[in-house]
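Below is one structure, written out as structure tokens; the observations come after it.
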Amino acid sequence: GQQVMQIPQYQHVQEGEDFTTYCNSSTTLSNIQWYKQRPGGHPVFLIQLVKSGEVKKQKRLTFQFGEAKKNSSLHITATQTTDVGTYFCAADGGSQGNLIFGKGTKLSVKP
Amino acid sequence: DAGITQSPRHKVTETGTPVTLRCHQTENHRYMYWYRQDPGHGLRLIHYSYGVKDTDKGEVSDGYSVSRSKTEDFLLTLESATSSQTSVYFCAIRRPDFNEQFFGPGTRLTVL
């Protein structure tokens, strides 16, 4: 079945450094979503990308969807301790709104 | 958050016992989902529902059953719990005209 590969699995950064997580698919995606899960919490929707080459920004977060719609990235500029958590990408599973989640990137930020 | 509650929030049970987890929503949305989350595996879909009495299997449905007799409630049952079903279980809903999913707080289940 469809899979979404996400790398890296873990990322440890010093506060103020940048962070990027990548999501890749072998098939063309209709859209891609990003979620954040704080430690001990539940996943929370961040954004959805639909168009080829789309770039969206939310404050220090920049989301990109590849031209071929097979990859996506989330970049955080100047990380803060509030950015700690696991970031997941999710692709349309093609049936009844199902989502296929990547395995996530766990971000830790050292103050 | 989208009016989703899960019960119980924590449960410890023994191998072989039946367990039912409940997901309740206050907004009467059609689509509801059950996921399990395990280290290194991310979120995996167990079952989903697209209306009352309309359910279907997800990626990891073996050993689980679901029921939806009312719009607001989606039940996940482990008929005979096994240690491999120790996990955190999340329920989610999808609002009409939106593609994103909204998650409940989760249930941490330990099977001894």
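Below, read A as the first sequence line, B as the second, and so on, with proteins coming before strands; counting in each chain starts at 1. Keep in mind the model is a prediction, meaning the values are calculated, not measured.
Crowding of B:Glu14 atom CD: a count of heavy atoms from other residues, nucleotides or ligands under 6.0 Å not exceeding 12. More than 12 heavy atoms of other residues, nucleotides or ligands lie within 6.0 Å of CZ in A:Arg60, so this atom counts as buried by the packing criterion. More than 12 heavy atoms of other residues, nucleotides or ligands shown are found within 6.0 angstrom of CZ on B:Arg44. The environment of A:Tyr22 atom OH is sparse: at most 12 non-hydrogen atoms of other residues, nucleotides or ligands sit within 6.0 angstrom.
Taken to the nearest 0.5 Å, the CD atom of B:Glu59 stands 6.5 Å off from the CD1 atom of A:Ile100. With values rounded to the nearest 0.5 angstrom, B:Asp38 atom CG is found 11.0 Å from A:Lys103 atom NZ.
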List the steps, then state whether side chain to side chain contact (heavy atoms under 4.5 Å, CB included) holds for B:Phe103 with A:Tyr35.
-> CA-CA 11 Å; B:Phe103 286 79; A:Tyr35 291 77; 3.9 Å; yes

B:Tyr33 vs A:Asn98, side chain to side chain contact (heavy atoms under 4.5 Å, CB included): CA-CA, chis, key distance, verdict = CA-CA 8 Å; B:Tyr33 309 85; A:Asn98 294 353; 3.3 Å; yes

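Tracing side-chain contacts under 4.5 Å through hydrophobic residues (I, L, V, M, F, W, Y), one reaches B:Leu21 starting from B:Met32; they form part of the same cluster. No chain of hydrophobic side-chain contacts below 4.5 Å, direct or via other Ile, Leu, Val, Met, Phe, Trp or Tyr residues, connects B:Leu75 to B:Val19. With hydrophobic clusters built from ILVMFWY side chains whose heavy atoms lie under 4.5 angstrom apart, A:Leu49 shares a cluster with A:Leu46. Cluster annotation: A:Val4 and A:Phe63 are assigned to distinct hydrophobic clusters (Ile/Leu/Val/Met/Phe/Trp/Tyr, side-chain heavy-atom contacts under 4.5 Å, transitive). A:Val44 is not connected to A:Trp34 by any chain of hydrophobic side-chain contacts under 4.5 Å among Ile, Leu, Val, Met, Phe, Trp and Tyr, and they are in different clusters.
In this structure, chain A has a heavy atom under 4.5 Å from the side chain of B:Gln37, while its backbone stays farther away. Interface remark: B:Leu45 contributes side-chain atoms only to the contact with chain A (heavy atom separation under 4.5 Å). Contacts between A:Gln6 and chain B at a heavy-atom distance below 4.5 Å are absent for every atom of the residue.
Across every non-hydrogen atom of B:Asn99 and A:Gln33, the tightest pair is O-NE2, 3.2 Å. Nearest approach of B:Phe90 to A:Gln37, heavy atoms of both residues: CZ-NE2, 3.5 Å. Closest of all the heavy-atom pairs between A:Phe88 and B:Gly42 is CE2-CA, 3.9 Å.
Counting heavy-atom pairs closer than 4.5 Å to chain A, the top-ranked of the candidates B:Arg94, B:His41, B:Gln101 is B:Gln101. When B:Pro39, B:Gly58, B:Gly40, B:Gly106 are compared by the number of non-hydrogen pairs under 4.5 Å with chain A, B:Gly40 comes out ahead.
For A:Phe101 and B:Tyr35, the ring centers are positioned less than 6.0 Å apart.
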